[in-house]
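Throughout, numbering of the chain's residues begins at 1 and tracks the sequence.
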Amino acid sequence: MKPLICQTAPNIFHPTAPKTFQFIWLSVPEDVEPLRDRALKCLMAADGEERVAVHWAMVVATHTFFLDVATQVGKLLALHGEANRSQIKRRMTESWGDRSTLERTIQHVLKSMAQWGVLKPGFEKGSLVVARNPIQVPEDVAVLLVHGILLSQRRGMPLSQLANHPAIFPFKLQLNVATLRRHPCLRVQRQGDQSDFVELA
């Protein structure tokens with residue numbers, strides 16, 4: 001498994017970070033295994049840009065901290081067109097507490113995002129901006145991202161919110177409700193306002 005993943009996305013995992021690889025792809029919780037198996041199939045057919053999205057889905061599903069950082073970055077980008085490192089830290093401190101390792105861990109996540117080609121330094125000191133236009137991902141990869149968010153958050157969400165979740169700011173999703181209904185790990189319910197609500201099955 002590891003050679004396949006490293007070959008398909010050599011910039012995603014550094015060889016000096018075996019624990020990162022293990023906890024994202026190998027030693028996953030039982031409920032993440034179906035996502036991991038589908039992600040491996042997608043990797044074999046995906047191009048370079050799509051592979052970033054596949055890995056993103058796995059990191060989101062297995063690391064809540066990454067999800068939270070990505071969410072704050074996505075929200076700030078949507079509001080201001082840039083995300084300042086100090087703003088990210090302040091928002092993360094509100095939810096994770098003022099831990100001694102917090103800033104270092106945030107910087108590690110942001111550095112990973114930059115290495116994956118989705119963020120770059122802005123004009124102002126400490127600011128980050130998107131490094132490229134949103135990556136258009138096919139439906140099977142989009143479903144991976146949705147599944148990853150639901151696994152991490154442990155609660156359902158309206159489909160419209162899922163498709164535009166700030167944590168997946170680097171990607172543009174194409175989603176079909178019929179496809180989600182056929183997914184063995186997801187449940188789609190039509191709400192009274194005719195919107196669709198998606199949750200783990």
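- Distance check, rounded to the nearest 0.5 Å: CG of L35 to SG of C42 gives 9.0 Å.
- Hydrophobic clustering places V130 together with I168 (ILVMFWY residues linked when any side-chain heavy atoms are closer than 4.5 Å, directly or through intermediates).
- Taken together through direct or relayed side-chain contacts under 4.5 Å among Ile, Leu, Val, Met, Phe, Trp and Tyr, L200 and L159 form part of one hydrophobic cluster.
- Between the H165 side chain and the A167 main chain, a donor and an acceptor come within less than 3.5 Å of each other.
- Crowding of E124 atom CD: a count of heavy atoms from other residues, nucleotides or ligands under 6.0 Å not exceeding 12.
- Between R154 and D31 a salt bridge is recorded (basic side-chain N to carboxylate O distance below 4.0 Å).
- The salt bridge (charged side-chain N to carboxylate O under 4.0 Å, His left out) search around E139 returns none, not counting sequence neighbours.
- Using a 4.5 Å heavy-atom cutoff, the side chains of E94 and K89 are not in contact.
- A continuous path of Ile, Leu, Val, Met, Phe, Trp and Tyr side chains, each step under 4.5 Å between heavy atoms, connects L162 with L175, placing both in one hydrophobic cluster.
- Not one N or O on the side chain of T71 forms a donor-acceptor pair closer than 3.5 Å with the backbone of P166.
- Between R181 and D196 there is a salt bridge, since at least one side-chain N of the basic residue sits less than 4.0 Å from a carboxylate O of the acidic one.
- In this structure, S112 contributes its side chain and H108 its backbone to a donor-acceptor pair below 3.5 Å.
- The line from CH2 of W56 to CZ of F66 is 4.0 Å long, rounded to the nearest 0.5 Å.
- In this structure, SG in C185 is found 13.0 Å from CD in E199, a value given to the nearest 0.5 Å.
- Residues E49 and R132 are paired through a salt bridge, judged by an N-O separation under 4.0 Å between the basic side chain and the carboxylate.
- The environment of CZ in R104 is sparse: at most 12 heavy-atom neighbours from other residues, nucleotides or ligands sit within 6.0 Å.
- Hydrophobic clustering of Ile, Leu, Val, Met, Phe, Trp and Tyr side chains at less than 4.5 Å, counting indirect connections, keeps F197 apart from L150.
- Judged by distance alone, with hydrogens and angles left aside, the side-chain atoms of S95 form a donor-acceptor pair with the main-chain N or O of M92 at under 3.5 Å.
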